[in-house]
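First up is the structure itself, then whatever we jot down about it.
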Number of protein chains: 2
Amino acid sequence: MDALSQDTKTRILDAAETLFTEHGFEATSLRSLTSAAGVNLAAVNYHFGSKEELFQAVLTRRLDPMNQERIDLLAQYEREAGGKPLTCEKILSAMLIPALKLSRDPRRGGKDFLRVLGRAYADPAPFIRNFLSAQYAEMISRFKDAFLKALPHLTKQELTWRLHFVMGALSYTLAGTDALKLMAQVMPQDKDNDEMLLQRLAPFLAAGLKAPLGDTKKLELVAGD
Amino acid sequence: MDALSQDTKTRILDAAETLFTEHGFEATSLRSLTSAAGVNLAAVNYHFGSKEELFQAVLTRRLDPMNQERIDLLAQYEREAGGKPLTCEKILSAMLIPALKLSRDPRRGGKDFLRVLGRAYADPAPFIRNFLSAQYAEMISRFKDAFLKALPHLTKQELTWRLHFVMGALSYTLAGTDALKLMAQVMPQDKDNDEMLLQRLAPFLAAGLKAPLGDTKKLELVAGD
DNA sequence: GCTCGATTCAAACGCCCGTTTGAATCCATC
DNA sequence: GATGGATTCAAACGGGCGTTTGAATCGAGC
């Protein structure tokens, strides 16, 4: 009864999280999904309305709490700092720690969920894009403000670009796709691997964020051919 | 006759590049694809064997020349340096310039192709993963060697991680997905936007690569809850 | 123990999918 | 101008898709 006794909605969400991870949204059929969840085929449309709404529900279940945790942690750090601007590393911690905690918690979907999220980032379907933008809006705006104070040498525009790069490295890394098999022979043990990961990611991103403004001469482009 | 006079294979590849960009691999049907290309439905299976092989052909057509260009440019820089190790920025240029040139050249698929590539990075389908690994193997290995010489303070393992982050930021940026609509109000003009982009990306990545090794204390994790 | 809304179920609906087939057409070669 | 391989074509194949339906079942409240 243990795992099977959950209610239908949860069973569907759990199965969807796994299968969307493995095959993506389009390639996952409701027939395989409901049969993996041990529920009737019609249950998805009854409880969620449609396959698209189910996908959004899969994301919301994990994303809402994680982003709220990020916002709360940032606020706590700011309270502790008593008005003084936070360091770059501290702000990054407020972003990374909730994500890492989620990835380590199998009861909240763990790495599976972060992989679904990583794929969603790259999906051009409008219903996904709009949904993600709305979900992240508040968190992004708060962290942008914090970074602006921590990095006074950056213009708003420059910071926006750099946050763009940060989100890229972060999503690629947390999703753990490693499309190019870079990590093939690098990881001897899986133990505390994700902790290591963020220990390495944070200094990399902090250095990038703190970098002086780019020299226009550094990247010379052959315009002609 | 101009655009329509191309041979069937090319017409299919062009239409596939566009449609895979807009809807992804699974969500693009051969019926819509062949009708957009103005060819018979059976033409894809006749010329490419299957939908999967068509997808690989779409990637190869652009990826092979771009990665060869990267390798050649790196070799040229190394020749010019005459044995001395290259700077981080110079090596990054050898990665970024061919990608940027491709993205600016509509005759080679331009941004459309890079978006297909960005999505492929996040796709878990084995036939895509294996294909990408093989395509990138040589380029990655050469650039890893170059970076190792340029960044002697990094271990091989640390460099592998940082290259992972670099590829993340690069693919997210070049794919131009901007899942979180960060850039909404930032881009006043589209002109030479991508040039600006890499002018900003290169310093960011160079600073990250050159960062000192991470302090284990910087990111404190609450292990318990 | 009957009622009634909530939930589950098997079955079907209509549609689109990737692929195959075999005949029709093209076109360089003899 | 007949030949024959390469290509195009319309049509069909078998199957899976998301969704809907209407009856069966459940279970708390009277």
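By convention in this document, chain letters (A, B, ...) are assigned in the order of the sequence lines, proteins followed by strands, and residues within each chain are numbered from 1.
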A/Phe204 vs B/His164 side-chain heavy atoms within contact, under 4.5 Å: no
A/Thr160 side chain near A/Lys144 side chain, heavy-atom distance below 4.5 Å: yes
Atom pair distance, as rounded to whole Å: CG in B/Leu54 and C1' in C/dT19: 14 Å
Whole angstrom value for the distance that separates P of D/dT7 from CZ of B/Arg11: 15 Å
Output field: ring centroids A/Tyr136/A/Phe131 closer than 6.0 Å: no
A/Asp72-A/Gln68 side chain donor-acceptor pair, cut-off 3.5 Å: yes
B/His47 vs D/dT8: side-chain N/O to OP1/OP2 distance below 4.0 Å: yes
Contact summary for B/Leu209 and B/Arg162, nearest pair of heavy atoms: O-NH1, 2.9 Å
Letter per nucleotide, 5' to 3', of nucleotides 11-24 of chain D [B base touched, S only sugar-phosphate touched, - untouched; heavy atoms, 4.0 Å]: -B----BBBBB---
Atom-to-atom span, CG of B/Asp7 to C1' of C/dC26 - whole angstrom: 16 Å
Audit row: A/Ser35, A/Ser32, side chain to side chain donor-acceptor pair (under 3.5 Å) steps and yes/no: CA-CA 5 Å; A/Ser35 113; A/Ser32 69; over 6 Å; no
